[in-house]
Amino acid sequence: MDDRIELSEFLKSRRARLRPEDVGLRDYGRARRVAGLRREELARLAGVSIAHYTRLEQGKGDSVSDEILGAVGAALRLDTDELTYLHRVARRPQPCAGAGDPSEVPLGFRHLLASFVTTPALVIGRHTQIVGWNQLAVVVFGDFPALAENRRTLSHLLFTEPSARVLHRTGWERAAREHVGHLRVLFGRHRGDAGLAAHIGDMRELSADFARMWAEHPVARLRSRTYVLHHPVVGELTLHRELITLPDEPSCCGLDLYAAEPGSATEQALKELGSL
């Protein structure tokens, strides 16, 4: 993955989604050769020279100040996650602390995972590897422990395992797009991590859906989400997902928890699954 191309394509994708009328510019009805705003229109909105913006969109961000990046981000109407990504991808990548595969899940974490008796729980690595789990997660999401270790990732589970599409049904597209958006956040945060870049490259080769979504440049951190799953044994499950970061574990992305509302039918269904 070439950093210059990534910066260039990201800016073009965000410029393409803005129409002149969206930003208060008059459109005289002439045929436009580009989707969205022209470079000169965006530069004018940002209050920067067309030369400055053109260099940035060519992937040459090293000499551009934070102030200019902020002005361009405001003109493009980037949200917080997108603006953070722009600042990160415009700079030279730094060596990643703690890069590489996570080590074995510590005993304390394994006890913690096992203690979630009605909550499917996973420990997720920086490359979306599923490195720790409780038994309820296996019962809900399928036998991912049986997958080859190099394919035991959330990415592979979502995009290459047919059971995931059956589980999510009509919600699969949303869940998959959110995953790709979060993966791009990780790419911006851990630039220079060759393993992460390789994982993204592999997924683009393996899955046409992943490649399509990646090309659309979604950028969004995973926050609280609610998913409706369709389990083959207990039927519909409504699960509230929380990804809790683990700052002292630099090779990990976080603790992934899927909780049911107390007293709900889903909580009862999870108890049934836990007793199987």
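Residues passing the salt bridge (Lys or Arg N to Asp or Glu O under 4.0 Å) test with R4, sequence neighbours excluded: none. Evaluation of the ring-ring contact (aromatic ring centres under 6.0 Å, His included) rule for F144 yields W133 as partners, not counting sequence neighbours.
Under the 4.5 Å side-chain heavy-atom criterion for grouping Ile, Leu, Val, Met, Phe, Trp and Tyr, I244 is connected to V131 within one hydrophobic cluster. V233 is not connected to V228 by any chain of hydrophobic side-chain contacts under 4.5 Å among Ile, Leu, Val, Met, Phe, Trp and Tyr, and they are in different clusters.
Salt-bridge formation is detected for the pair E6/R184: a Lys NZ or Arg NE/NH1/NH2 atom is positioned less than 4.0 Å from an Asp or Glu carboxylate oxygen. At a threshold of 4.0 Å, the pair R152-E149 does not count as salt-bridged, since none of the basic side-chain nitrogens sits closer than that to a carboxylate oxygen.
Ring-plane geometry between Y85 and F187 is classed as tilted, the angle between the planes lying from 30 to 60 degrees on a 0 to 90 degree scale. Using bins of under 30°, 30° to 60° and over 60° for the plane-to-plane angle, the ring pair H217/F10 lands in the tilted bin. Using the six-membered ring where Trp is involved, F159 and W172 have ring planes that are perpendicular, over 60° apart on the 30 and 60° scheme.
Atom CG of L122 and atom OH of Y258 lie 6.0 Å apart (nearest 0.5 Å). Atom CZ of R165 sits about 9.0 Å away from atom CG of L158, to the nearest 0.5 Å. In this structure, the separation between CD1 on I124 and CG on L154 is 4.0 Å, given to the nearest 0.5 Å. To the nearest 0.5 angstrom, L147 atom CG is 9.0 Å from H156 atom NE2. L45 CG to L18 CG: the interatomic distance, rounded to the nearest 0.5 Å, is 8.5 Å. Distance CG/L86 to CG/L78: 6.0 Å, rounded to 0.5 Å.
Pairs engaging residues 212-227 under the salt bridge (Lys or Arg N to Asp or Glu O under 4.0 Å) rule: D81-R221, D81-R223, E173-R212, R177-E216, E178-R225, D209-R212 [sequence neighbours left out]. Within the structure, no pair that satisfies the salt bridge (Lys or Arg N to Asp or Glu O under 4.0 Å) test touches residues 132-146, not counting sequence neighbours.
A donor-acceptor contact shorter than 3.5 Å is absent between the side chain of S8 and the backbone of I5. A distance-only check finds a donor-acceptor pair linking the side chain of H182 to the backbone of L222 [under 3.5 Å].
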Full working for side chain to side chain donor-acceptor pair (under 3.5 Å) between T153 and Q129: CA-CA 4 Å; T153 76; Q129 314 98 304; over 6 Å; no
Could you please spell out the steps behind the side chain to side chain contact (heavy atoms under 4.5 Å, CB included) verdict for L56 and L69? CA-CA 9 Å; L56 186 61; L69 289 177; 3.8 Å; yes
Should R88 and T84 be marked as a side chain to side chain contact (heavy atoms under 4.5 Å, CB included) after you check the CA-CA gap, both sets of side-chain angles, and the distance that decides it? CA-CA 6 Å; R88 285 174 169 160; T84 298; 3.6 Å; yes
I'd like to know whether R189 forms a side chain to side chain contact (heavy atoms under 4.5 Å, CB included) with L186, so could you lay out the CA-CA distance, the side-chain angles of the two residues, the decisive distance to 0.1 Å, and finally the verdict. CA-CA 5 Å; R189 184 182 301 162; L186 295 179; 3.8 Å; yes
For D256 and V123: C-alpha separation, side-chain torsions, deciding distance, then whether side chain to side chain contact (heavy atoms under 4.5 Å, CB included) applies. CA-CA 6 Å; D256 210 6; V123 176; over 6 Å; no
Review item, side-chain donor-acceptor pairs of residues 265-276, under 3.5 Å, at least two apart:
from, atom 1, to, atom 2, distance (Å)
T266, OG1, T238, N, 2.9
E267, OE1, G263, N, 2.7
S275, OG, E272, O, 2.7

Return all side-chain donor-acceptor pairs below 3.5 angstrom for residues 46-55, not counting sequence neighbours, or 'none' if the list is empty.
from, atom 1, to, atom 2, distance (Å)
S49, OG, H52, N, 2.9
S49, OG, H52, ND1, 3.0
Y53, OH, E57, OE1, 2.4
T54, OG1, I50, O, 2.7

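No side-chain heavy atom of E205 sits under 4.5 Å from any side-chain heavy atom of D202. In this structure the side chain of L229 reaches within 4.5 angstrom of the side chain of V140, judged on heavy atoms. A heavy-atom distance below 4.5 Å is found between the side chains of R14 and V219. With a 4.5 Å cut-off on side-chain heavy atoms, Y227 and R241 count as touching.
Residues N134 and T119 share a closest heavy-atom pair of ND2-O, 2.9 Å. The shortest heavy-atom contact between R126 and L196 is O-CD1, 3.7 Å. The two residues E82 and R77 have their closest heavy-atom pair at OE1-O, 4.2 Å. When all heavy atoms are compared, the tightest approach of A121 to L113 is CB-CD2, 3.7 Å. Nearest heavy-atom pair across H231 and V139 is NE2-O, 2.8 Å. Closest approach of A164 to L157, counting heavy atoms only: CB-O, 3.1 Å.
Using modelled atom types and a 3.5 Å distance limit, the side chains of H179 and S155 yield a donor-acceptor pair. Judged by distance alone, the side chains of H127 and D193 do bring a donor and an acceptor atom under 3.5 Å apart.
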